[in-house]
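Since the structure is predicted, the reported quantities are computational estimates derived from the model, not experimental observations.
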Amino acid sequence: MNREVRVRFAPSPTGALHIGGVRTALYNYLFARKNGGKFILRIEDTDSQRFVAGAEAYIVEALAWCGIEVDEGVSVGGPHAPYRQSERRDIYLKYAQELIEKGYAYYAFDTSEELDAVRAEYENRGDTFSYNAKIRETLKTSLTMPADEVKRRLCEENHWVVRFKMPADEDITMNDIVRGEVTVNSSTLDDKVLYKAVDKLPTYHLANIVDDYLMDISHVIRGEEWLPSLPLHVMLYRAFGWSDKMPLFAHLPLLLKPSGKGKLSKRDGDKLGFPVFPLEWNAEDGTISHGYREDGYLPEAFVNMIALLGWNPGTDQEILSMSDLINLFSLDKVGKSGSRFDPEKAKWFNASYLKQTPSKELAVSFEKVLKERGIDAPFEKITSICEIVKDRATFINDFWDLSCYFFEAPKEYDQKVVAKFYKGDNIERVAAAAGVLEAIEDFSAENIKEVLHGWIVSHEYPMGQVMNTLRLAIVGTNAGADLAEIMSIIGKQETIDRIRAIERCIKI
RNA sequence: GGUCCGUUCGUCUAGGGGUUAGGACGCAAGAUUUUCAUUCUUGUAACACGAGUUCGAUUCUCGUACGGACUACCA
């Protein structure tokens, strides 16, 4: 019971990691940190066919961006290295053979084509084919062949596999931290392939159990899609005699598409109107999928949002930092049902984090955006602008659109606003305002506001009319920050220039 | 088809034998503001269905429906 907590995230490098995978990694990480344990990153690349170059580097980078630190694994090494299964291929065969010696597994010599034919035959009869206790006796296996024939084929052929000998009729009872007790009868299960001679690689099931055992994994936290394989995995632990070292299992509910059917998958790319990947992903076929990072999400907001999909702290608090998450995390607060991802709430999280990010930090990012546009502004000014803009933005990417009037005079005026305000007495009043502003010595927002308001009030002008017309001249429309603040930031001369410019540009 | 898992507002969820079923996003209205936002207030909206157990079920049990996963020499 005092076992050290050791959890692993074990993705397959078949492409980008989607948000469901990130969430699995995150829960593993939170659980490890919460319990003073280790978080291990293992790459399960036992399928040479589906291997995608760059996928592993993507996974490592994505975890780093999220702030998920790897204690042991492909990127950092560790006492159980290597952490890439393709580099561990030598260890698996002897475990497969051990199972055969103990009578828990056997060699099967059917070719894929033969199997396909048998499968088709069953289906034509309306039966479902399952490589199980009933029919393995009729197939080409070490169970049905003479020993010397088996030996000969093992030497001469390279398409044999090792299959697990699933008991014909046995109730297998398992315990899942999220779902409780689950019982399945072995008659509904088939003889899964554990090892393939063709590429001298184990399948997921064998590699997974052997590595978890060898790496002393204490808890397996993974997606619900693995629940159907749990009986096999439990049987494997028993067959190896490792029951006392068997990890505890927690199967996480799946992430569903926001609309329509099914679980979220990599193939959804960004057809759904929001990114499914943490980072931008350039697929081999040339398609580029959006990433949260590139779309302007703050990693803290992304992690916060992902964490709350299928788990909650049991309180009303929703804005949670990584350390909050670590402190509060517990597997028994993980829900049982799948969650639909809500892009709107994701935006809300980002906007919330943007508001609480210090303006100086935002200014560093925004300065780069401005430089790309050829705008060179003092850092102080950029910081002040960020302070104003962050309350109105959802993403850093929005900052330019929301603050361009600080950097350049309006190129055009919103026609609706012109029609509403740029008429009658307003035209003369605004022109007069330029003179009033000109006379202000201390061009601070407070001072501008005081003088301007005093002037409007003393002449009994309608406040809304004058101010909105002035805003039209300065901003080009009826939106944006406090007008006095804008004037103060752009400066007296620019303010006056813009007021004079509107007279020239708009002819009534 | 078979096996397994699940089902509280549109979405994420809290709760749990007797509650005005709570919060958040969204949406709507109002307040504040010279504008747009922010902020604040209010409103909107849910226990899938049918039996059973019980004095009483949204909560427990069983069915039904619906949803999901798995059913490869993929993970």
Quiz item: Just wondering, more than 12 heavy atoms not from Glu412(A) lying within 6.0 Å of its CD?
Solution: no
Quiz item: Quick one: is the NZ or CZ of Arg153(A) closer than 6.0 Å to the six-membered ring centre of Phe109(A), and within 45° of its axis?
Solution: yes
Practice problem: Pick base, sugar-phosphate or nothing for His159(A), based on heavy-atom distances below 4.0 Å to the nucleic acid. | Solution: base
Exercise. Could you pull out all residues at least two apart from Asn312(A) that satisfy side-chain hydrogen bond (donor to acceptor under 3.5 Å, both in side chains)?
Key: none
Self-check item: Positions of residues 161-182 of chain A (non-hydrogen atom under 4.0 Å from RNA chain B), listed by number
Solution: Val161(A), Arg163(A), Arg179(A), Val182(A)
Quiz prompt | Pairwise side-chain contact, Phe349(A) with Thr394(A), heavy-atom cut-off 4.5 Å (strictly under) | solution = no
Self-check item: Length of the line joining Lys336(A):NZ and A14(B):P, which is rounded to integer Å
Solution: 10 Å
Quiz item: For the side chain of Lys192(A), counting heavy atoms from C-beta on, which of G1(B), A75(B), U71(B) is nearest?
Solution: U71(B)
Quiz item: Using a cut-off of 4.0 Å on non-hydrogen atoms, how would the nucleic acid contact of Trp226(A) be classed: base, sugar-phosphate, or nothing?
Solution: base
Quiz item: With rounding to whole Å, what would you report as the distance between U38(B) and U33(B) at their C1' atoms?
Solution: 10 Å
Practice problem: Measure from the side chain of Arg119(A), starting at C-beta and using heavy atoms only, and say which of C73(B), C74(B), G23(B) lies closest. | Solution: C73(B)
Quiz item: So, is Ser339(A) close to the U11(B) phosphate, meaning a side-chain N or O under 4.0 Å from OP1 or OP2?
Solution: no
Self-check item: Earlier contact from the 5' end, RNA chain B, for Thr14(A) and Glu225(A)
Solution: Glu225(A)
Exercise. Quick one: sort the His233(A) and His205(A) rings into parallel, tilted or perpendicular, breaks at 30° and 60°.
Key: tilted
Quiz prompt | Separation of C74(B) P from Asp190(A) CG (nearest whole Å) | solution = 13 Å
Self-check item: Phe129(A): ring-ring contact (aromatic ring centres under 6.0 Å, His included) partners, not counting sequence neighbours
Solution: Tyr122(A)
Quiz item: A29(B) and U34(B): how far apart are their C1' atoms, nearest whole angstrom?
Solution: 23 Å
Quiz item: Looking for any heavy atom pair under 4.0 Å, which part of the strands does Gly335(A) touch: base, sugar-phosphate only, or nothing?
Solution: nothing
Quiz item: What integer distance in Å separates Asn132(A):CG from U3(B):P?
Solution: 14 Å
Practice problem: Validate the cation-pi geometry between Arg23(A) and Tyr27(A): distance from NZ or CZ to the six-membered ring centre under 6.0 Å, angle to the ring axis within 45°. | Solution: yes
Quiz item: Which of these nucleotides, C12(B), C73(B), C74(B), is closest to any side-chain atom of Val198(A)?
Solution: C73(B)
Practice problem: For A46(B) and U19(B), measure between their C1' atoms and round to the nearest Å. | Solution: 15 Å
Practice problem: Using the C1' atom as the reference point in each nucleotide, state the distance between U53(B) and U61(B) in Å, no decimals. | Solution: 7 Å
Exercise. Over 60° means perpendicular and under 30° means parallel, so classify the ring planes of Trp160(A) and Tyr195(A), tilted if in between.
Key: parallel
Practice problem: Indicate yes or no: at least one non-hydrogen side-chain atom of Val457(A) is less than 4.5 angstrom from one of Met463(A). | Solution: yes
Self-check item: Residue-phosphate contact under 4.0 Å: Lys263(A) side-chain N/O, C70(B) OP1/OP2
Solution: yes
Quiz item: How many Å lie between OH on Tyr353(A) and C1' on A24(B), as a whole number?
Solution: 14 Å
Quiz item: Does U41(B) have a Watson-Crick or wobble mate here (both distances under 3.5 Å), and if so which one?
Solution: A29(B)
Self-check item: Side-chain touch Trp226(A)/Phe249(A), heavy atoms, less than 4.5 angstrom
Solution: no
Self-check item: Nucleotide nearest Leu227(A) (side chain, heavy atoms from C-beta), chosen from G23(B), A75(B), C5(B)
Solution: C5(B)
Quiz item: In whole angstroms, how far is the P atom of C9(B) from the CG atom of Asp342(A)?
Solution: 14 Å
Exercise. Pick base, sugar-phosphate or nothing for Asn185(A), based on heavy-atom distances below 4.0 Å to the nucleic acid.
Key: nothing
Quiz item: Atom CG of Leu232(A) to atom P of A72(B): distance rounded to whole Å?
Solution: 13 Å
Quiz item: In whole angstrom, what separates Trp311(A)'s CH2 from G23(B)'s P?
Solution: 20 Å
Practice problem: Name the pairing partner of A46(B), where a pair is Watson-Crick or G-U wobble with both distances under 3.5 Å, or state none. | Solution: none
Quiz item: For U35(B), which nucleotide is its Watson-Crick or G-U wobble mate, given both distances must be under 3.5 Å?
Solution: none
Quiz item: With Asp110(A), which residues qualify under side-chain hydrogen bond (donor to acceptor under 3.5 Å, both in side chains), at least two apart?
Solution: Tyr131(A)
Quiz prompt | Nucleotide forming a Watson-Crick or wobble pair with G67(B), both distances under 3.5 Å | solution = C5(B)
Self-check item: Pair Arg392(A) + Asp398(A): basic N to acidic O under 4.0 Å
Solution: no
Quiz prompt | Base partner of A24(B), which must satisfy Watson-Crick or wobble distances under 3.5 Å | solution = U11(B)
Practice problem: Between C73(B), A75(B), U3(B), spot the one nearest the side chain of Val193(A), thanks. | Solution: C73(B)
Quiz item: Distance between the C1' atoms of G10(B) and A45(B), in whole angstroms?
Solution: 8 Å
Quiz item: Starting at the 5' end of RNA chain B, which residue's closest nucleotide do you reach first, Leu308(A) or Lys345(A)?
Solution: Leu308(A)
Quiz prompt | Under-4.0 Å salt bridge between Arg340(A) and Asp342(A) | solution = no
Practice problem: Indicate for each nucleotide in nucleotides 31-43 of chain B, in 5' to 3' sequence, whether protein heavy atoms under 4.0 Å reach the base (B), only the sugar-phosphate (S), or nothing (-). | Solution: ---BBBBSS----
Quiz item: Considering every strand shown, what is the Watson-Crick or G-U wobble mate of A51(B) when both distances are under 3.5 Å?
Solution: U61(B)
Which pairs, protein N/O on one side and nucleotides 44-47 of chain B N/O on the other, fall under 3.5 Å?
none

Practice problem: Could you tell me whether Lys449(A) and Glu446(A) have a side-chain N and a carboxylate O separated by less than 4.0 Å? | Solution: no
Quiz item: Which whole number of Å gives the distance between the C1' atom of C36(B) and that of C49(B)?
Solution: 48 Å
Quiz item: Quick check: does any side chain N or O of Arg88(A) sit under 3.5 Å from a backbone N or O of Pro82(A), one acting as donor and the other as acceptor?
Solution: yes
Practice problem: For G43(B) versus G23(B), give the span between their C1' atoms, rounded off to a whole number of Å. | Solution: 16 Å
Quiz item: Any idea which of A75(B), A24(B), G1(B) is nearest the Thr128(A) side chain?
Solution: G1(B)
Quiz item: Can you tell which of A75(B), U8(B), C4(B) lies closest to the side chain of Val184(A)?
Solution: C4(B)
Quiz prompt | A65(B) and A48(B), which share atom name C1', separated by this distance in whole Å | solution = 8 Å
Self-check item: Pair Glu123(A) + Arg119(A), salt bridge at N-O below 4.0 Å
Solution: no
Practice problem: From the options C74(B), C5(B), C70(B), select the nucleotide whose nearest atom is closest to the side chain of Arg50(A). | Solution: C74(B)
Practice problem: Would you please confirm or rule out a distance under 4.0 Å between OP1 or OP2 of A14(B) and any side-chain N or O of Thr315(A)? | Solution: no
Practice problem: Check every strand shown and say whether Ser112(A) touches a base, only sugar-phosphate, or nothing at a heavy-atom separation below 4.0 Å. | Solution: base
Quiz item: Could you state the CD-P distance from Gln85(A) to A75(B), rounded to the nearest angstrom?
Solution: 9 Å
